[in-house]
Amino acid sequence: MSQDSRTRAADEGKPGKPGKPGKPCVLAVSKLMPLYMGPLAERYELLERLHETDPAAFAAAAPRIRAVAASGESRLPAELVGRLPALEIVAVMGVGYDGIDVAACKARGAVVTHTPDVLNDDVADLALGLMLSAARQLPAADRYVRAGEWAAKGAMPLARKMSGARCGIVGMGRIGKAIATRAQAFGMSIAYTARSAKADVPYRYVASAEALAAESDFLVLITPGGAGTKHMIDARVLRALGQKGILVNVARGSVVDEDALIEALEQGIIGGAGLDVFANEPNVPERLRALPHVVLVPHIGSATTSTRQAMADLALANLGAHFAGQPLKTPVPECR
Ligand code: 8YV
């Protein structure tokens with residue numbers, strides 16, 4: 001089989017399922033990190049975004065594509081699943097899988113896996129970093145020194161205290177718990193909202209995001225994305241958070257009504273924000289970028305070398321287990 005820039009086919013290697021000789025064929029459905037792509041290319045016949053780059057070649061290859069490799073931001077809609085008749089497994093390198101149509105995969109007989117737990121610390125660390133950065137205006141303070149304004153104008157305006165403040169967490173899963181532990185170390189009181197109260201946490205449950213916002217100084221979002229949480233944080237919730245409130249989003253951009261957020265920030269309806277995720281990444285609206293009291297980072301929640309390596313290893317372990325006929329490491333809840 002010939003090789004080109006889009007297709008790295010292997011001549012020999014590990015057998016796939018009994019009766020299917022040669023390396024299994026994997027479609028990388030979007031641009032993936034080298035940490036994941038490198039081993040994929042070594043172990044499998046890897047097709048890189050062939051459905052986007054060469055539809056005719058993709059149509060020819062589709063009947064042998066047995067796996068999809070994806071990131072937390074990848075999209076695998078039902079329409080594309082429908083063009084993958086041999087699909088057996090989707091291996092997401094990410095904990096979030098809101099871009100994957102799991103129902104369509106299941107209907108096709110394919111399982112979806114993701115990479116939970118290994119990124120809890122990093123995402124929780126970043127949440128606290130954004131809380132501190134927004135409250136103490138760290139990026140603005142850095143700009144102040146660099147621009148020579150300290151010497152020219154004197155001390156900066158005073159900022160907000162974080163220790164001892166009220167922390168409201170939207171989503172009390174694995175990462176929500178890691179955020180709560182860290183916030184407790186800052187002497188913060190913790191309350192949370194989720195679909196239902198959790199028996200295994202000591203924190204106070206509040207039934208709605210709006211009620212939680214009304215009693216929080218910091219509202220931290222770490223709930224899964226997708227249709228169930230789309231625009232859960234809307235103008236009413238932001239109004240409830242109030243003039244001094246700070247919104248931190250390390251979940252998904254879709255959870256927040258971004259237009260309502262921009263308006264709330266521009267009009268002083270809320271006090272500030274720290275954002276790792278956006279509605280239409282990597283595009284961040286100019287109006288948001290123009291606001292000096294908002295801290296913006298480019299979806300770096302899990303972006304440390306060791307964590308991304310652990311995520312790649314786990315995604316590859318899921319693929320390896322599947323093709324070896326062994327139990328999957330971390331299927332998504334819907335596929336357990
Ligand atoms: C990454 C993420 O951006 O895990 C997730 O759901 O959003 C992130 O950790 C990405 O998926 C890394 O591949």
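For ligands, and for the atoms within them, numbers begin at 1 and follow the listed sequence. On a predicted model such as this, the values are computed, not experimentally measured, just so you know.
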(request) Determine, for Lys106 against Glu334, whether the closest basic-nitrogen to carboxylate-oxygen distance falls under 4.0 angstrom. (result) no

(message) Checking the N or O distance criterion of under 3.5 Å, is ligand 1 in contact with Met311?
(response) no

(message) With a 4.0 Å cut-off on heavy atoms, is His114 in contact with ligand 1?
(response) no

(request) May I ask whether Met33 has any heavy atom positioned less than 4.0 angstrom from an atom of ligand 1? (result) no

(message) Considering non-hydrogen atoms of the protein only, which is the closest contact for atom 5 (C) of ligand 1, and what is the distance?
(response) Val95 N, 3.4 Å

(message) With respect to Leu119, determine whether any N or O atom, backbone or side chain, lies less than 3.5 Å from an N or O atom of ligand 1.
(response) no

(message) Among all protein heavy atoms in this structure, tell me which lies nearest to atom 10 (C) of ligand 1, with the distance rounded to 0.1 Å.
(response) Glu73 OE1, 3.1 Å

(message) Can you report which non-hydrogen protein atom sits closest to atom 12 (C) of ligand 1, along with the distance?
(response) Met93 O, 3.5 Å

(request) Check for a donor-acceptor pair, side chain of Thr181 on one end and backbone N or O of Lys177 on the other, with a separation under 3.5 Å. (result) yes

(message) I'd like to know if Arg66 pairs up with Glu88 as an ion pair, taking the criterion as any Lys NZ or Arg NE/NH1/NH2 lying under 4.0 Å from an Asp or Glu carboxylate oxygen.
(response) yes

(request) Could you tell me the residue and atom name of the protein heavy atom closest to atom 11 (O) of ligand 1, and the distance to it rounded to 0.1 Å? (result) Gly72 N, 2.7 Å

(message) Check this for me - ligand 1, Ser71, N or O atoms closer than 3.5 angstrom, yes or no?
(response) no

(message) Among all protein heavy atoms in this structure, tell me which lies nearest to atom 8 (C) of ligand 1, with the distance rounded to 0.1 Å.
(response) Ser302 OG, 3.5 Å

(request) Return the orientation label for the Tyr44 and Phe323 ring planes: parallel under 30°, perpendicular over 60°, tilted otherwise. (result) tilted

(request) Please indicate whether any nitrogen or oxygen in Gly94 is less than 3.5 Å from any nitrogen or oxygen in ligand 1. (result) no

(message) To check you understand the geometry: which heavy-atom pair defines the closest contact between Ala191 and Val206, and what is its length?
(response) CB-CG2, 4.2 Å

(message) Leu319 and side-chain contact (heavy atoms from CB on, under 4.5 Å): which single residue from Leu40, Val90, Thr113 fits?
(response) Leu40

(request) Identify the heavy atoms of Cys25 and Leu47 that sit nearest to each other, and give their distance. (result) SG-CD1, 3.5 Å

(request) Pick one of side chain, backbone, both or neither for how Arg252 approaches ligand 1, counting any non-hydrogen atom pair under 4.0 Å. (result) side chain

(request) Flag the pair Arg182 and Asp121 as a salt bridge only when some basic side-chain nitrogen lies within less than 4.0 angstrom of an acidic carboxylate oxygen. (result) yes

